[in-house]
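Structure, as structure tokens:
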Amino acid sequence: MKRYYWMLLVLLGVWVLAQDSSLPGVKEAGSYTQGSLGQVLQPLPVTNAQPDGVYGVGAWPLYTPELADGPGKELVMGYCQVCHSATYITMQPPLPAATWEAEVQKMIKTFGAQIPDEAAKQITAYLQAHYTPETRKP
Ligand code: HEC
């Protein structure tokens, strides 16, 4: 009896493979043509290249994000820029209040940010007061 189990497994495998092979998340299988999703364009040829292969590039556009003014801003500047810049905050789309709360907790619990509870509360309130869909100013 036991040796028929593998046959059962093979049959099951064949059945699984015979099912619709479209995977969740895969939008389009097959070849990609112009204008189709997921197309990777070739980069434009470099036009200012010199014969010696040396060419200039402009300065990398650095920008220092201005955090919204309000109570708690100094705490954010002090505690949240230890590991990364405040761009991590300003580059987010407007996030719901609960997400900001979770975000601050993630920084503390997952990434080990050393932020006292009281400061974390004020930072969360600051983020919720300026960076949610309801409160974010353009
Ligand atoms: C101990 C270091 C540390 C501190 C302090 C810190 N973060 Fe982060 N933060 C990280 C790391 C690590 C990531 C993930 C970086 C990556 O994925 O490239 C991150 C990512 C983020 C992101 C991007 C979204 C995400 O979840 O990856 C946001 C927003 C953010 N931090 C906000 C904050 C805020 C607000 C504070 C202050 C309360 C803070 N961070 C303090 C380490 C820190």
- Can you hop from V76 to Y79 via hydrophobic side chains spaced under 4.5 Å? yes

- Task: Kindly determine whether L9 and Y5 satisfy side-chain contact (heavy atoms from CB on, under 4.5 Å), including the steps that lead there.
- Result: CA-CA 6 Å; L9 265 178; Y5 282 154; over 6 Å; no

- All heavy atoms of L95 vs all of P133, minimum pair found to be O-CD, 3.4 Å

- Would one find more than 12 heavy atoms of other residues, nucleotides or ligands at under 6.0 Å from atom CE of M91? yes

- Nearest-0.5 Å distance, NZ of residue K121 to CD1 of residue I123: 12.5 Å

- Task: Enter the distance from D117:CG to Q122:CD here, rounded to the nearest 0.5 Å.
- Result: 11.5 Å

- Query: Roughly how far, to the nearest 0.5 Å, is the CD1 atom of I115 from the CD1 atom of I108?
  - Reply: 4.5 Å

- Task: Keeping the roles fixed (side chain from Q81, backbone from M77), state whether a donor-acceptor pair exists under 3.5 Å.
- Result: yes

- Backbone N or O of E66 within a donor-acceptor pair of the T90 side chain at under 3.5 Å? no

- Task: Spell out, yes or no, whether Y131 and M107 are grouped together once hydrophobic residues are joined by side-chain heavy atoms under 4.5 Å, including indirect joins.
- Result: no

- Task: Working to the nearest 0.5 Å, report the span between CH2 of W100 and CD of Q105.
- Result: 14.0 Å

- Task: To the nearest 0.5 Å, tell me how far Y88 OH sits from C80 SG.
- Result: 13.5 Å

- What pair of heavy atoms forms the shortest contact from T135 to A129, and how long is it? CB-O, 3.2 Å

- Message: With a 4.5 Å cut-off on side-chain heavy-atom distances among I, L, V, M, F, W and Y, is there a chain of contacts connecting L8 to L12?
- Response: no

- Note on the structure: What one should report as the nearest heavy-atom pair of P96 and T132 is C-CG2, 4.1 Å

- Item | Smallest separation among heavy atoms of Q92 and R136, with atom names | O-NH1, 3.0 Å

- Once the angle between the rings of H130 and Y126 is folded into 0 to 90°, is it parallel (under 30°), tilted (30 to 60°) or perpendicular (over 60°)? tilted

